There are 2 protein chains.
Amino acid sequence: MEKNEALAALSALGQETRLDVFRLLVVAGEEGLLAGQISDALDLRANTLSANLTILLNAGLVHNKREGRAIRYFSNMQGMRGLLDYLTKDCCGGAPDGCL
Amino acid sequence: MEKNEALAALSALGQETRLDVFRLLVVAGEEGLLAGQISDALDLRANTLSANLTILLNAGLVHNKREGRAIRYFSNMQGMRGLLDYLTKDCCGGAPDGCL
DNA sequence: TCTATATTTCCAGAATAATTGAATTATGGA
DNA sequence: TCCATAATTCAATTATTCTGGAAATATAGA
């Protein structure tokens, strides 16, 4: 992962609404959730949620799939993994075992 | 780690200057770096750096130690660890092995 | 004590980001 | 085709954050 991708992921998650959405999808797991279920669960207006989901999508933290007129969202654990790796890369002056 | 701490850490890192500072300190390891060395390395004004270091401090991502008139900064890998744990907690609908 | 250095604090202006109402697109069903 | 539902896009307003100049604090050394 490159710096700009990490930055996109971190700033996406560094906002309460989006962290809530992402955590909800992480806990939901493979089943994911429909956009409408997310807005119900978190009491968000559809357009606010949509804007925030777009930011999470662009950051590679979620993906989606249309189901009829609804759209199902999933957390993207690969994107998450890439972020964790970026943050700990080259850590501790070459003594990575002591890092984490 | 609680949500607000995670949020503080994520929004702290979700900004280019601070991510640069943090990464520099992560790579520097136990030796850390003086504030002046950081501002030289990243070409930042002292007051801008100071404001950003304060945000990283409050987020629990760095710590510091005075050395004469200079101040040495270190990355706080425990804070980092707490963040990673928060992000992956309860993941994947109770099938954590499949997560990461 | 006086001066220089290292860093922080305070404040204001500029730049970004978040939310919302209104309108639009996409799909499914009568 | 027409209507209802699900979600998105657009434009504007509000809120937050970032930076930088000036001043202040802390320490070291002459």
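Below, chain A is the first sequence line, B the second, and so on; all start at residue 1. Quick caveat, the model's predicted, so the values are computed rather than measured. Just so it is clear, the values below take in all heavy atoms, side chains as well, and ignore hydrogens, waters and symmetry mates.
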Would you list the protein and nucleotides 7-13 of chain C atom pairs, both N or O, that sit under 3.5 Å from each other?
unit_1: C:dT7; atom_1: OP1; unit_2: B:A35; atom_2: N; d: 3.2
unit_1: C:dT7; atom_1: OP1; unit_2: B:G36; atom_2: N; d: 3.2
unit_1: C:dT7; atom_1: OP1; unit_2: B:I71; atom_2: N; d: 3.4
unit_1: C:dT7; atom_1: OP2; unit_2: B:G36; atom_2: N; d: 2.8
unit_1: C:dT8; atom_1: OP1; unit_2: B:Y73; atom_2: OH; d: 2.3
unit_1: C:dT8; atom_1: OP2; unit_2: B:S50; atom_2: OG; d: 3.1
unit_1: C:dT8; atom_1: O5'; unit_2: B:S50; atom_2: OG; d: 3.1

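- As a whole-Å value, the separation of A:N58 CG from D:dT8 P is 12 Å.
- Proximity of B:Q15 to the phosphate of D:dT19: a side-chain N or O atom is located under 4.0 Å from OP1 or OP2.
- Between A:N52 atom CG and C:dT20 atom P the separation is 10 Å, expressed in whole Å.
- To the nearest angstrom, C1' of C:dA18 lies 14 Å from CG of A:L56.
- Residue order along DNA chain C, read from the 5' end via each residue's closest nucleotide, puts A:T17 first among A:E67 and A:T17.
- The list of side chain to side chain donor-acceptor pair (under 3.5 Å) pairs with a residue in residues 23-45 of chain B, not counting sequence neighbours, is empty.
- Atom C1' of nucleotide D:dT16 and atom CZ of B:R18 are separated by 12 Å, given to the nearest angstrom.
- Atom CG of A:L42 and atom P of D:dA7 are 14 Å apart (whole Å).
- In this structure, A:K89 does not pair ionically with A:D85, as no charged nitrogen and carboxylate oxygen lie closer than 4.0 Å.
- Between A:L44 atom CG and C:dT19 atom P there is a gap of 8 Å when expressed in whole angstrom units.
- How far CZ of A:R18 is from CG of A:D20: 11.0 Å, rounded to the nearest 0.5 Å.
- The shortest non-hydrogen separation linking B:G29 to B:F74 is O-CD2, 4.5 Å.
- Scored by the side-chain hydrogen bond (donor to acceptor under 3.5 Å, both in side chains) test, B:N47 finds no partners at all (sequence neighbours excluded).
- Atom pair A:E16:CD and C:dA17:C1' shows a separation of 15 Å (rounding to whole Å applied).
- Residues B:L57 and B:V62 approach most closely at CD2-O, 3.3 Å, considering heavy atoms.
- Phosphate contact (OP1/OP2 of C:dT19, side-chain N/O of A:R45, threshold under 4.0 Å): absent.
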